[in-house]
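Notes follow once the structure below has been shown.
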Amino acid sequence: MQEMKLTESYLNELNDVQKEAVTTINGPVMVIAGPGSGKTRVLTYRIVHLLKSQIPPWQILALTFTNKAAREMKDRIEKLVGQDAYKVWAGTFHSIFARILRVEAHRIGFPNDFSIYDTDDSKSLIKEIIKSMNLDPKVYNVGAIRSRISSAKSNLITPKMYVANNELIEQDKMNRRPMTYKIYEKYLERCQRAGAMDFDDLLLQMFRLLYQNPDNIREKYQQQFKYLMVDEFQDTNFLQYEILKLLSIYNGSQNNICIVGDDAQSIYSFRGATIENILQFANDFPEVKTYKLEQNYRSTQHIVQAANDVITFNKKQIKKEIWTDRLSGNKIKLIKGMSDTEEGRMIANAIIEQKNRYSLSNSEIAILYRTNAQSRVFEEHLRRQNIAYRIYGGLSFYQRKEVKDVLAYLRLAVNTKDDEALKRVINYPKRGIGQGTTNNLTKLADDNGISMWECLAQIQLSPRAKTSMGKFVGIIKEIQKKAVTEDAYKTALLAVKKSGIIDLFKSENSLEAQNRIENINALLDGIQEFVEDDVLDEGEDINKQERSLSNFLQTISLMTDQDNDNDQVDTLTLLSVHSAKGLEFKSVFVVGLEENLFPSYMSLSSPEQLDEERRLFYVAITRAEEILTLSYANSRYQYGQMKFNDPSRFLEEISDDNIESSITIKKKPEFATPKILGKFKPLSSNPTTPLAVGANNFQANPSNDIKIGQNVLHLKFGKGFVKSIDERRVATIVFENIAENPEKRIMLNYARLQILHD
DNA sequence: GTAGTCACTATTTGA
DNA sequence: TAGTGACTAC
C-alpha cells in the first residue's frame with residue numbers, strides 16, 4: 001500500500017509528456033529534451049518506474065558521459081527507492097565498459113588487470129613511435145596524430161581500413177604525414193603488448209568483445225541488459241552507438257532502449273560526437289516513440305525567447321520550440337567595453353550591483369567564456385573587488401605530476417608491462433639511469449616485441465647502471481610483494497617511501513615542494529578512504545578484490561576532479577561554455593561576444609562549424625535562470641597583439657524585444673565613458689517578481705537628503721554608515737561588507753544611495 | 001645530467 | 001603574451 005502511494009506521488013510530479021516518456025518502458029523511446037525541461041528528472045523517474053514495475057535492477061543499464069551526471073542520477077534514484085539504486089548499472093560509458101572488461105578482457109587478448117593509458121600516456125607512446133620511425137616530430141605533431149588515431153577508433157576504422165581509405169590517406173598526404181596509418185598500427189601493437197587500453201579502447205575493446213563474440217559473450221550481456229538508457233545521446237559517437245546497437249538489436253529483442261538528448265545542444269562534434277546518431281535512431285528502431293520536452297522550467301521568458309531567436313538561424317535541426325510559463329522577468333542586458341580590461345572591470349561592477357540589488361550570493365552567479373584564456377581579466381577584477389571565485393577546468397588533481405608519478409609506481413607493480421608507467425619512474429627520482437640506457441631499453445623492447453620490464457633482465461649494462469637498475473627493480477618487486485599481502489593503502493604508503501619521492505621534496509624545502517607533499521598525502525588519504533570504505537553496496541560483488549590496488553587504479557583513472565567541490569566558501573564560478581553544459585545559475589554573464597572569438601575564428605570557414613558555435617551560444621544563454629548579461633569589447637589582446645573585432649553576429653540574432661534598451665550593434669566605437677548599456681529597471685514591488693526580496697527594492701534618494709549619521713545602501717558596496725560629508729559634498733561612508741578599506745569617499749552628486757530607516 | 005636559450009604555436013574537453 | 005619543447009653548452 002505504501003509502495004502504491006509512492007508510485008503515484010512520483011508520477012504526479014511530472015507533466016503529461018514527461019509522464020508518457022517515463023511510463024513507456026517497452027520498445028524504443030526517444031526523448032528530445034530542451035534545456036531546463038526536466039531531463040534528469042525523466043531519466044531518474046523512468047528508472048524508478050522500471051524498478052516499481054518489477055524489473056530487476058541489474059537488468060537496467062544507464063549510460064552517461066560524466067561521472068557527475070551518473071552520480072546525480074544514482075543519488076536521486078536512491079532517494080526514491082533506496083538501496084536498489086546501487087544495483088542498477090548506472091555510470092559513464094567508460095566506467096561501465098571498464099568494469100565489464102575487467103572480467104572479460106582475457107577473451108580478446110588483454111589481461112584482466114589491464115592498465116588504462118590517459119591522454120599523456122598515449123601521447124608519450126606516440127612520440128616514442130614517431131621517434132623510432134625516424135620521422136620529423138615537427139611534421140608529425142603528436143597531438144594531431146593522437147586525435148587522428150582517436151577518431152579512427154571512434155569510427156571503427158582499423159589500420160587496414162585506414163590504408164584502404166583514399167580520403168584519409170589523401171588528407172594525411174596533404175598534411176605531409178603519410179605515415180600516420182603506420183603509427184596507428186604500431187600504437188595498437190604497443191598498447192596490446194603493454195596490456196594497456198586508452199580511453200577510446202575502453203569503448204573499442206568493448207565493441208570487439210561483443211562483435212567477435214567469444215564464448216557467446218554477446219548473448220550474455222544482451223540477456224542481462226534488457227533495459228538501456230542513454231543520457232546526452234547527441235554526444236555519442238559512431239562507436240558508442242554501434243555498441244548500443246549490438247546490445248539492443250538481435251533476434252527476439254524487445255528493443256527496450258531509451259535515449260535522451262537535444263540536437264540543439266550538440267557541441268562536441270570536435271571530439272567525434274555526431275548528431276547523425278539521433279537522426280539515424282528512428283531508422284534503426286522504426287517502432288520508436290518520440291517525446292519532445294519543450295516546457296522550460298528553468299528560465300524566465302526573455303531568456304527562453306532569446307534562445308529560440310538564436311537557434312532558428314540553424315537550418316538543420318529537429319523542430320521544437322521551448323516555452324515557459326514563468327514570468328517574463330528581466331530583459332537581457334548588454335555590456336560593452338572599449339577593451340578586454342574594461343570589459344572585465346564593467347562585469348565586476350555589474351556583479352556587485354546585482355549582488356546588492358537582488359541579494360545574490362556568489363554561487364548564484366557565473367561568468368561564461370568561449371576560451372579559457374579569457375578568464376584572467378575577470379579573475380583580476382574579481383580579486384580587486386574581493387569577490388571569491390573558482391575556476392572550473394584547470395589541472396585535475398590526478399593530472400598533477402607528483403600524483404601521476406606515485407601512481408606510476410603502483411601501476412607498474414600491478415602490471416609490469418605498462419611501459420608508460422615504467423618510463424615515468426625508471427629514473428625518477430634520479431637514480432642514475434640515463435637517457436642512453438632508457439633509449440637502448442626502448443629499442444630492445446621494441447625490436448623483440450616485448451615490454452621494457454621483460455627486457456631489463458637481458459639488457460647489457462655498465463656496472464654502474466646495473467646497480468641502479470637493480471635498485472629500481474628491487475623497489476618495484478617490493479611494492480608487488482606488499483600488494484599481495486596488504487591492502488592498497490599500505491602498498492601505496494610503501495611505494496611513496498621506497499621510491500624516494502617524498503624524500504626528494506623534503507630535501508627541496510620550497511613552498512612548491514611542500515605543496516607537492518600535501519598532494520601526495522591527499523592521494524594517500526584518498527586511497528585509505530577507498531580501502532576503509534565500509535559501506536557495502538548491497539548486491540554488488542564485494543570481496544577482497546574490490547579493495548585491491550588494481551581496482552583503485554581503475555577507479556581513479558576514470559575520474560576527474562570536477563567532483564571535489566567541497567567548497568565551504570561562497571564562490572562565483574568562472575568557466576568555459578562547454579563545461580557549463582548541464583549547469584544553471586540565477587545570473588549568467590556570457591562574455592567576449594565578438595566575431596573571431598565567439599564564434600571562434602576556427603569555425604568561420606564552414607557553415608557546419610558555425611552552426612555548432614551557435615548551438616554553443618544557445619547552451620550558454622539557457623544556463624541563466626533569471627538574469628542574463630551579455631558583453632563584448634571593441635578591442636582585446638590576443639596572442640600579444642591588439643585585435644579589433646566586431647560584435648558577435650549572435651547578438652544581432654536576438655530580437656530587440658528581449659534586450660533591454662537595444663543598441664545598434666554595428667555602431668562605431670563610442671568615445672564617451674563606457675557604461676552599462678541599458679539601465680537597470682527598478683524592480684516592481686510585486687512579490688511574485690522572481691528576485692524582489694525585501695530590502696533589495698533599491699530606490700535612490702535625492703542626494704541632498706543624505707545626512708551624516710544615516711545608514712545607506714549603495715548598489716556597489718552594500719550597506720554603509722555615513723561618517724562625514726565635506727564642503728564639496730563628498731561623503732565618507734563606512735561599508736559593512738567590505739573587508740579591506742571599508743571607508744569609501746563617495747561623491748554625493750553622482751552617487752545613487754538609498755537611505756535606510758530602521 | 002642540467003641550465004639556459006631559442007623558436008614556435010595558439011578553441012572547446014570527457015573518460 | 002605565455003607556455004612548451006628541442007637544442008646547445010657546460
Side-chain angles (χ1 to χ4, degrees), chain A residues 63-70 91-99 116-124 127 131 136-139 141-144 146-147 150 153-154 197-204 206 231-232 235-237 239-240 266-273 340 368-377 392-396 398-399 427-438 468 554-563 575-582 592 596-604 609 612-613 615-617 619-620 636-643:
Chain A
L63 298 169
T64 65
F65 276 87
T66 63
N67 292 310
K68 202 170 157 227
T92 62
F93 278 88
H94 293 84
S95 70
I96 295 282
F97 294 167
R99 185 171 157 193
I116 296 176
Y117 276 1
D118 67 13
T119 311
D120 286 343
D121 295 322
S122 299
K123 279 187 173 167
S124 138
K127 199 192 251 169
K131 202 172 147 203
D136 182 355
K138 281 194 188 103
V139 177
N141 175 287
V142 182
R146 196 204 64 87
S147 67
S150 167
K153 284 183 177 176
S154 307
M197 298 195 196
D198 65 18
F199 290 135
D200 297 312
D201 280 330
L202 294 175
L203 310 178
L204 181 63
M206 180 71 196
D231 189 17
E232 307 277 16
D235 290 343
T236 53
N237 60 33
L239 171 55
Q240 284 162 323
S266 160
I267 55 174
Y268 281 115
S269 75
F270 71 90
R271 66 177 196 212
D340 48 353
L368 275 56
Y369 34 74
R370 178 66 241 268
T371 67
N372 288 313
Q374 286 165 261
S375 72
R376 242 195 52 193
V377 185
Y392 245 60
L395 207 55
S396 120
Y398 293 106
Q399 288 172 335
N427 193 35
Y428 183 85
K430 296 202 179 64
R431 48 175 72 89
I433 301 171
Q435 195 78 62
T437 311
T438 320
S468 312
Q554 176 191 325
T555 314
I556 57 141
S557 61
L558 297 176
M559 229 151 71
T560 60
D561 82 349
Q562 293 210 349
D563 317 326
L575 75 183
S576 72
V577 181
H578 280 93
S579 41
K581 190 161 118 176
N596 295 315
L597 184 59
F598 198 176
S600 151
Y601 65 96
M602 299 290 286
S603 67
L604 295 179
Q609 287 195 53
E612 178 145 323
E613 293 283 312
R615 291 193 293 270
L616 195 54
F617 184 59
V619 168
R636 76 172 58 238
Y637 274 99
Q638 273 173 305
Y639 311 134
Q641 278 180 345
M642 178 87 96
K643 292 273 170 61

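Chain letters run A, B, ... following the sequence lines, proteins first and then strands; every chain starts at 1.
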| message | Just the rounded figure in Å: distance from C1' of B:dT13 to CZ of A:F270. | response | 5 Å
| query | Would you say the side chain of A:S557 and the base of B:dA15 hold a donor-acceptor pair, judged only by whether the two atoms sit under 3.5 Å apart? | reply | no
| task | Could I get the full list of side chain to side chain donor-acceptor pair (under 3.5 Å) partners for A:S576, not counting sequence neighbours? | result | A:S579
| field | Nearest-angstrom distance from the residue atom CZ of A:R271 to C1' of B:dT12 | value | 9 Å
| task | Whole angstrom is fine here: how far is it from CG in A:D118 over to P in B:dT13? | result | 17 Å
| query | Of the candidate nucleotides B:dT12, B:dG14, B:dA10, which contains the atom at the shortest distance from the side chain of A:T66? | reply | B:dG14
| task | Give me the first and last nucleotide of DNA chain C, going 5' to 3', that has any atom under 4.0 Å from a heavy atom of chain A. | result | C:dT1 to C:dA6
| query | For A:Y601 and B:dT12, what is the distance between atoms OH and C1' respectively, to the nearest whole Å? | reply | 11 Å
| note | Separation of B:dG14 atom P from A:L575 atom CG, nearest Å, is 10 Å
Protein N or O to nucleotides 2-8 of chain B N or O, pairs below 3.5 Å:
from: B:dT2; atom 1: OP1; to: A:K430; atom 2: NZ; distance (Å): 2.9
from: B:dT2; atom 1: OP2; to: A:K430; atom 2: NZ; distance (Å): 3.3

| request: Kindly assign one of parallel, tilted or perpendicular to the pair A:F270 and A:Y268, based on the angle between their ring planes and the thresholds 30° and 60°. | output: tilted
| Rounded distance (Å) that lies between atom P of B:dA15 and atom CG of A:D120 | 16 Å
| request: Check side chain to side chain donor-acceptor pair (under 3.5 Å) between A:N237 and all other residues, then give those that pass, not counting sequence neighbours. | output: none
| said: What's the closest nucleotide to the side chain of A:T92 if the choices are B:dT13, B:dA10, B:dA15? | reply: B:dA15
| task | Starting from C1' on B:dT12, measure out to CZ on A:R615 and report it in whole angstrom. | result | 13 Å
| task | Would you indicate what A:Y637 reaches in the nucleic acid, counting non-hydrogen atoms under 4.0 angstrom: base, sugar-phosphate, or nothing? | result | nothing
| request: Please list, chain by chain and in numerical order, all residues satisfying salt bridge (Lys or Arg N to Asp or Glu O under 4.0 Å) with A:R376, sequence neighbours excluded. | output: A:E380
| note | Sorted by chain and residue number, the ring pair (Phe, Tyr, Trp, His ring centres under 6.0 Å) partners of A:Y369 (sequence neighbours excluded) come out as none
| said: Holding to salt bridge (Lys or Arg N to Asp or Glu O under 4.0 Å), I want the full list of residues that pass it with A:D198, two or more places apart in sequence or in another chain. | reply: A:K153
| remark: Those residues at least two apart in sequence (or on a different chain) that pass side chain to side chain donor-acceptor pair (under 3.5 Å) with A:R636 are A:E343, A:E594
| Counting only side-chain N and O atoms of A:N372, is one of them less than 4.0 Å from OP1 or OP2 of B:dT12? | yes
| said: Does a side-chain N or O of A:S576 approach OP1 or OP2 of B:dT13 to a distance below 4.0 Å, or not? | reply: yes
| message | Suppose we screen for side chain to side chain donor-acceptor pair (under 3.5 Å). Which residues come up paired with A:D235, at least two apart in sequence or across chains? | response | A:K581
